*Asks:* 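I have a structure here, written as structure tokens, and I will follow up with some questions on it.
Predicted model, so just to flag it, every value in this text is computed and none were measured. Atoms considered below: every heavy atom in the structure, side chains included; atoms not considered: hydrogens, waters and symmetry mates.
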Amino acid sequence: MNMRKKKLLALMVTSAMMTCPVWAEDTTAATGYESSGSQTVTSGSAAAPVDDQKTAVNTVTTSPDDATKEDAMKAAKSGLTGYETAEELAAIAAGKSPEAVQQETAEAVHKENEILNPAPVDTTPKLSGDKVSYMSGTSDMQFDTSIPGYPMAVIQPGQDVSLPYGEAVSDADLKPYVDKVATAVTVGPVPEAQIEQKLLPQLAMRVGDAINMDYIRHDLNVIGATGLFSTVKPVFTTVPEGVALNYTVQMNPVVKKIDIVGNESISTADLMKLVATTPGTMLNTAVVSHDVANINSAFANAGYMMSRVSDVRLDDEGTLHLAISEQRIENINLRGNTKTKNKVIMRELRMKKGDIFNKNAASRSIQRVYNTGYFEDVNVRLLPGQRNPKDVIVEIDVTEQKTGSVTIGAGYSDSDGLVGILGLAETNLRGTGDKANISWEFGGNTDTNKNYIFSYTHPYLNDAGDSIGFSIFDRESEYDDYNEKGDSVAGYDRRTNGFNITYGRVRSEYVSDYITLETKRTKYTDWHSGYNYRNDATDPNNAGFDFAGMDYLGKNFGRTNSMTWSHVFDNRDNVYDPTKGKRLSFTGTWAGHGMGGDFDYFKFIAENRLYYKVGRAHVIAVRLMGGIATGDMPYNDLFTLGGADNLRGYEDDEFRGNKMYEVTVEYRYPIAKKIQGVVFTDLGNAWGGVENIPWYHENNKLHYSGGLGFRITTPIGPIRLDYAVGQDGGKFHFSFGGKF
């Protein structure tokens, strides 16, 4: 940003973030915790509507007379309570007994309570057949497949203590045989002798050993962990020398079919790819455990952290049923938004009532809500559902921040005199999310009464999130031109006026297109120093350049009509202070060429911003830019480098051309609350297309700089302070606005 070099006396500058009362709707009757489109129902009794109030048919005073007592006795004998409604009294008068009317009323109240407070609903699929036991957390299990048709799970040393098969026998069952010598140790009956041969070397009990409870339980776990057997039991046969030990087993049945039910978020076909159990083979509970672990991992990796396999059963026909339990969002409650309308928050969410809860969608929703800029903090809590405790209620708690600003200021210079400044901005107009901004300078010796910018953006035209905005501007400011050495060659007033309109089209979650139509006119107004572009070579200030003879103003000032298209991919986690993700954009501008105006050119620029989180709160940010243009371009529309925004350590817009590249690398680290430190380096160049600028000599030299800086969050917005050292020395940069 070019700032005028003049003696400026600040008389008053006041800029404060505020929410102006005229912009906000009356919220005195609201608590800030109402749910959108729903009614709050408390556990206690609430006041009933007037039409439903009970009406007393008898008035009882503190000192009743005899007549009143007599009426009360009659009412008691008739079965009336004295609190019947007009409708109930009419039903009694029509012939219904008071008891029948009271019963109907009680039933109606019961039905109403059921509607308001429905009983929990268990949506878990119900399966038939015998329950199949499986172990959790066994996705890394190893299998021995050397025996065709009989894959055997192999447990690692030490894993046996965590398995349940050893608990199948009690100490009382084993005690009679403890310390007796094992004369034989076998496993059977098994369909293949190789199965027993594989198991025996893994057992703790060996021939000649004394019976030991811990050894027996270890062996039961080893045999059971293979997954081949439905039961495993030690059977002892007394012989003269001691006991013969046989681990009696029963083989599992054959699986003829696999049926997965209850899944919606991941297709059955995709889940079946994770299932190693094959129809036509013997059921292996270890393989089933492996399958369950893989399925649960697939749900977790896809963000469905509450979805899992809830039951596994094998029915009499040999069908293995796997039931999937998926937790849904019963409701979404908003808290804390006293100004922002519920719909403004709800439209940013990537989850809705009735959806299966997904952690990724919830995280993205919170990112989008925070990225609106309306909230200082956004938090989410998961509460158990009221209808089904296995479902969840998502509660989003926001802390609103002030989104309006008022800027009042004044300044004085020898050329302009006393100038007043007034600015109003609101990024969440009346809680709708619309953005409005007006800035106006008035007074002074020039035409500053017309020095204004007004812009308005409506961010949501439809459910897709398309946007539209426009800007009207008429700005005049002092501007400095620099040569390739960074020396000021001319100081003058430049006026730019026009308007533009932008339509944004959302293509997907992270991709959007923007079309901007703009017409603007730049005008050379008053000369202050250096070259006077209106005069010829005889002017001593022009140092031999005949600006009038070459029609310098005609080639570099005038009207430009253009259409700009931008294609943007943006998946940054935080648009104001990103720590991960990237923003990739391609922008093309078509000026003139049938659209009118004084200039005809094409312009294209590509930019990529990358962010890498280092440790807990440190970030490496990288920006890569490149551009090229062709045609008849005015001086002010060439690519520019230099200044606070790209190539620090050099003058503002010091390097120009119709070709450009630039690289910035920043290391950002926290210093204190709302203060961030930055170490950076910039490099790049702009060249070409400067034939109409006689005082500028281009070069293809690489320009670079490095330095330190600070980012400070203030009530009037973020402030950037940088000191950079370039090839020609150091320079301090002060600017407003967020980081790239």
Side-chain angles (χ1 to χ4, degrees), residues 1-3 479-492 494 496 520 522 530-531 533 545 552 555-558 560 562 564 566 584-592 599-609 622-666 680-707 722 724-731 733 735 737 740:
M1 178 178 64
N2 288 285
M3 302 300 295
Y479 196 84
D480 283 331
D481 286 339
Y482 296 93
N483 62 17
E484 69 282 359
K485 297 180 180 180
D487 300 325
S488 176
V489 297
Y492 56 93
R494 185 179 71 185
T496 304
K520 67 177 182 180
T522 57
Y531 298 137
Y533 299 146
F545 291 121
Y552 179 86
K555 291 181 179 297
N556 293 287
F557 293 86
T560 303
S562 64
T564 300
S566 295
L584 177 63
S585 64
F586 301 96
T587 301
T589 299
W590 175 317
F599 307 101
D600 300 307
Y601 63 85
F602 297 102
K603 189 176 183 180
F604 179 80
I605 184 170
E607 180 182 17
N608 193 14
R609 305 177 185 180
V622 180
R623 180 176 61 186
L624 309 171
M625 292 194 303
I628 188 169
T630 61
D632 178 23
M633 293 186 68
Y635 167 76
N636 295 307
D637 286 348
L638 293 170
F639 295 115
T640 61
L641 290 180
D645 291 333
N646 43 52
L647 193 57
R648 287 160 287 191
Y650 299 90
E651 297 293 345
D652 297 335
D653 303 341
E654 181 174 335
F655 308 107
R656 292 178 181 268
N658 59 9
K659 291 177 282 292
M660 175 272 295
Y661 64 88
E662 196 266 348
V663 177
T664 293
V665 179
E666 290 190 349
F680 62 85
T681 182
D682 299 335
L683 59 91
N685 190 26
W687 74 99
V690 294
E691 296 81 6
N692 297 325
I693 311 174
W695 44 264
Y696 186 87
H697 301 88
E698 66 172 351
N699 63 71
N700 293 330
K701 180 181 177 181
L702 174 66
H703 307 287
Y704 53 86
S705 65
D722 291 320
V725 177
Q727 293 160 299
D728 300 322
K731 187 170 182 61
H733 299 279
S735 60
F740 71 82

*Asks:* Nearest 0.5 Å, please: how far is NZ in Lys731 from CG in Asp722?
*Replies:*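 The CG atom of Asp722 sits 12.5 Å away from the NZ atom of Lys731.
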*Asks:* So, Asp653 and Tyr479: side-chain donor and acceptor under 3.5 Å apart, yes or no?
*Replies:*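 Distance-only check passes for Asp653 and Tyr479.
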*Asks:* How would you list all residue pairs meeting salt bridge (Lys or Arg N to Asp or Glu O under 4.0 Å) that involve residues 682-707, not counting sequence neighbours?
*Replies:*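 The answer is Arg648-Asp682.
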*Asks:* Are Asp481 and Tyr492 close enough that a side-chain donor and a side-chain acceptor fall under 3.5 Å?
*Replies:*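 Distance-only check passes for Asp481 and Tyr492.
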*Asks:* Ala686 and Leu641: which non-hydrogen atoms are nearest, and at how many Å?
*Replies:*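 Taking every non-hydrogen atom into account, N-CD1, 3.9 Å.
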*Asks:* Is it true that Phe602 and Trp590 have ring centroids separated by less than 6.0 Å?
*Replies:*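 Yes, ring centres under 6.0 Å apart.
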*Asks:* At their closest point, which heavy atom of Trp695 faces which heavy atom of Tyr635, and how far apart are they?
*Replies:*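 Here Trp695 and Tyr635 meet closest at CH2-OH, 3.4 Å.
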*Asks:* With no hydrogens and no angle check, is any side-chain donor or acceptor of Tyr650 less than 3.5 Å from a backbone partner on Tyr704?
*Replies:*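 Here the side-chain-to-backbone pair exists.
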*Asks:* Quick one: closest heavy-atom pair of Phe604 and Phe639, and the distance?
*Replies:*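 That closest heavy-atom pairing would be O-CZ, 3.6 Å.
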*Asks:* Can you tell whether the side chains of Arg494 and Asp480 come within less than 4.0 Å, N to carboxylate O?
*Replies:*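 Salt bridge between Arg494 and Asp480, a charged N being under 4.0 Å from a carboxylate O: no.
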*Asks:* Can you sort out the partners of Thr522 under side chain to side chain donor-acceptor pair (under 3.5 Å), two or more places apart, ordered by chain and number?
*Replies:*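 Not a single residue meets the side chain to side chain donor-acceptor pair (under 3.5 Å) criterion with Thr522.
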*Asks:* Asn556 versus Asn636: any side-chain heavy-atom pair under 4.5 Å?
*Replies:*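 Contact flag for Asn556/Asn636 side chains = no.
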*Asks:* Nearest heavy-atom pair of Tyr601 and Asp632: which atoms, and what distance?
*Replies:*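 Smallest interatomic distance, heavy atoms only, reads CD2-O, 3.6 Å.
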*Asks:* Using side-chain heavy atoms (C-beta onward) and a distance below 4.5 Å, is Phe655 in contact with Leu647?
*Replies:*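 The answer is yes, as the side chains (C-beta and beyond) meet within the 4.5 Å cut-off.
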*Asks:* Take Thr564 and Thr589, measure what side-chain hydrogen bond (donor to acceptor under 3.5 Å, both in side chains) needs, and give me the verdict at the end.
*Replies:* CA-CA 4 Å; Thr564 300; Thr589 299; 3.1 Å; yes
*Asks:* As a quick check of understanding, evaluate side chain to side chain contact (heavy atoms under 4.5 Å, CB included) for Val489 and Tyr482, giving each step before the final call.
*Replies:* CA-CA 6 Å; Val489 297; Tyr482 296 93; over 6 Å; no
*Asks:* Given 3.5 Å as the limit, does a donor-acceptor pair link the side chain of Glu607 with the main chain of Ser585, or not?
*Replies:*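 No; judged by distance alone, with no hydrogens or angles, the pair does not exist.
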*Asks:* To the nearest 0.5 Å, tell me how far Asp728 CG sits from Glu654 CD.
*Replies:*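 So the CG of Asp728 and the CD of Glu654 are separated by 6.5 Å.
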*Asks:* Using 30° and 60° as the class boundaries, would you call the ring planes of Tyr552 and Tyr533 parallel, tilted or perpendicular?
*Replies:*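 Rings of Tyr552 and Tyr533: tilted, as their planes differ by 30° to 60°.
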*Asks:* Just to verify, which of Lys555, Lys603, Lys520 counts as forming a salt bridge (Lys or Arg N to Asp or Glu O under 4.0 Å) with Asp637?
*Replies:*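 Option passing the salt bridge (Lys or Arg N to Asp or Glu O under 4.0 Å) with Asp637: Lys520.
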*Asks:* Kindly say whether Gln727 contributes a backbone atom to a donor-acceptor pair with the side chain of His703 at under 3.5 angstrom?
*Replies:*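 Side chain of His703 to backbone of Gln727: no pair is present.
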*Asks:* Measuring from Ser488:OG to Asn483:CG, what's the distance to the nearest 0.5 Å?
*Replies:*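 With rounding to 0.5 Å, OG (Ser488) is 8.5 Å from CG (Asn483).
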*Asks:* Side chains of Glu662 and Thr664: any donor to acceptor distance under 3.5 Å?
*Replies:*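 The answer is yes; a qualifying pair exists.
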*Asks:* Just wondering, do Leu702 and Leu683 contact through their side chains at under 4.5 Å, heavy atoms?
*Replies:*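 They are in side-chain contact.
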*Asks:* Mind listing the closest non-hydrogen atom pair of Leu638 and Arg656 along with its distance?
*Replies:*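 Here Leu638 and Arg656 meet closest at CD1-CB, 4.3 Å.
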*Asks:* Within the structure provided, determine whether His697 and Lys485 are in side-chain contact (heavy-atom separation under 4.5 Å).
*Replies:*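 No, too far: nothing below the 4.5 Å cut-off.
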*Asks:* Determine the minimum heavy-atom distance between Met625 and Asn646, stating which atoms define it.
*Replies:*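 Of all heavy-atom pairs spanning Met625 and Asn646, the closest is CE-CB, 4.5 Å.
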